[in-house]
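Hydrogens, waters and symmetry mates are skipped; everything else that's a heavy atom, side chains included, is used. Whatever order the structure lists them in is the order used to number ligands and atoms, beginning at 1. If you're wondering where the values come from, they're calculated on a predicted model, not measured in any experiment.
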Amino acid sequence: MQAKITVTETWLRKHRHLYDGATRHPFIRSIRDGNINISAFKTWLGQDYIFVRAFVPFVASVLTKAYKGSDDGNGDVEVILGGVAALHDEISWFKKEAFKWGVQLSSIVPQKANQEYCRFLESLIGPEVEYTVAAVAFWAIETIYQQSFAHCLEDDSKTPPELKETCQRWGNESFGEYCNSLWNIVDRQLEKASDDVITKAEATLLRVLEHEVDFWNMSHGRT
Ligand SMILES: Cc1ncc(CNC=O)c(N)n1
């Protein structure tokens, strides 16, 4: 018997080009090739700190929806709670890393692409946004970082040693397993979703991919 093709697999095939654009962006390639411009890296670091702060309430809203969706015999709440805990760690890491690179976090002004991405996150927080739709966004946001930074840690990469720890943060195996758990959550939700919700979720995935590309572009100085 042939394994059934999931909705997410269909999407990733259909939108492969945009997906690769987000996970194999020139910014990531430049880290991987070892010719990253350090000022671009610092821009990314400061802007991503702001993004992550805005990401926390979004993830908390996904957690609430998982709880309320509440035929949660599948442990969605625990997986997402793990994500919240990791973000607590991550915020401390950003502060430490910013200090190391001489980036003053308190004086960072969010750039346009970042503002728009944060506003998009806010638009997904409200109770009118279905759990399935919010979970798809969450899965995509985490997975893009995982795939991008794991690419910088492959055997043939020339990632500068001082950036390895950053790449490890999202490229490590346990973050990969966490992303797979999110993927399972999303697949399970989509299997029982209405066509209307599936359509909305696909549109949301596309918006995430576009925002991620714009975010990398911003760090790369292409805005
Ligand atoms: C722009 C962006 N997208 C995804 C992530 C990864 N999630 C949490 O850290 C991130 N830090 N920044």
| message | Between Glu191 and Arg188 (salt bridge meaning N to carboxylate O under 4.0 Å), is one present in this structure? | response |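 Looking at Glu191 and Arg188, the cut-off is not met.
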
| query | Should the ring pair His25 and His220 be called parallel, tilted or perpendicular, given that the plane angle runs from 0 to 90° and is split at 30 and 60? | reply |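 The rings of His25 and His220 stand perpendicular, inter-plane angle above 60°.
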
| query | Val56: what forms a side chain to side chain contact (heavy atoms under 4.5 Å, CB included) with it, not counting sequence neighbours? | reply |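 In terms of side chain to side chain contact (heavy atoms under 4.5 Å, CB included), with neighbours along the sequence ignored, Val56 is linked to Leu87, Ile91.
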
| In chain order, what residues pass the side chain to side chain contact (heavy atoms under 4.5 Å, CB included) check against Pro160, with sequence neighbours excluded? |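 Partners of Pro160 by the side chain to side chain contact (heavy atoms under 4.5 Å, CB included) criterion, ordered by chain and then number, come out as Ile36, Glu162, Leu163.
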
Please set out all donor-acceptor pairs under 3.5 angstrom arising from side-chain atoms of residues 123-135, sequence neighbours excluded.
{"unit_1": "Ser123", "atom_1": "OG", "unit_2": "Phe120", "atom_2": "O", "d": "2.6"}
{"unit_1": "Glu130", "atom_1": "OE1", "unit_2": "Lys200", "atom_2": "NZ", "d": "3.4"}
{"unit_1": "Glu130", "atom_1": "OE2", "unit_2": "Lys200", "atom_2": "NZ", "d": "2.8"}
{"unit_1": "Tyr131", "atom_1": "OH", "unit_2": "Asp76", "atom_2": "OD2", "d": "2.7"}
{"unit_1": "Thr132", "atom_1": "OG1", "unit_2": "Gln189", "atom_2": "NE2", "d": "3.1"}

| Minimum heavy-atom distance between Gln115 and Pro110, given as atom pair plus value |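 For Gln115 and Pro110, the tightest heavy-atom pair comes out as NE2-O, 3.3 Å.
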
Could you go through ligand 1 and note, for every N or O atom, any protein N or O atom closer than 3.5 angstrom, writing the atom names and distance to 0.1 Å, or 'none'?
{"unit_1": "ligand 1", "atom_1": "3 (N)", "unit_2": "Glu212", "atom_2": "OE1", "d": "3.4"}
{"unit_1": "ligand 1", "atom_1": "3 (N)", "unit_2": "Glu212", "atom_2": "OE2", "d": "2.7"}
{"unit_1": "ligand 1", "atom_1": "7 (N)", "unit_2": "Glu142", "atom_2": "OE1", "d": "2.6"}
{"unit_1": "ligand 1", "atom_1": "9 (O)", "unit_2": "Glu90", "atom_2": "OE1", "d": "3.3"}
{"unit_1": "ligand 1", "atom_1": "9 (O)", "unit_2": "Glu90", "atom_2": "OE2", "d": "2.4"}
{"unit_1": "ligand 1", "atom_1": "9 (O)", "unit_2": "Trp170", "atom_2": "NE1", "d": "3.1"}
{"unit_1": "ligand 1", "atom_1": "11 (N)", "unit_2": "Asp48", "atom_2": "OD2", "d": "2.9"}
{"unit_1": "ligand 1", "atom_1": "12 (N)", "unit_2": "Asp48", "atom_2": "OD1", "d": "2.6"}
{"unit_1": "ligand 1", "atom_1": "12 (N)", "unit_2": "Asp48", "atom_2": "OD2", "d": "3.4"}
{"unit_1": "ligand 1", "atom_1": "12 (N)", "unit_2": "Tyr145", "atom_2": "OH", "d": "3.1"}

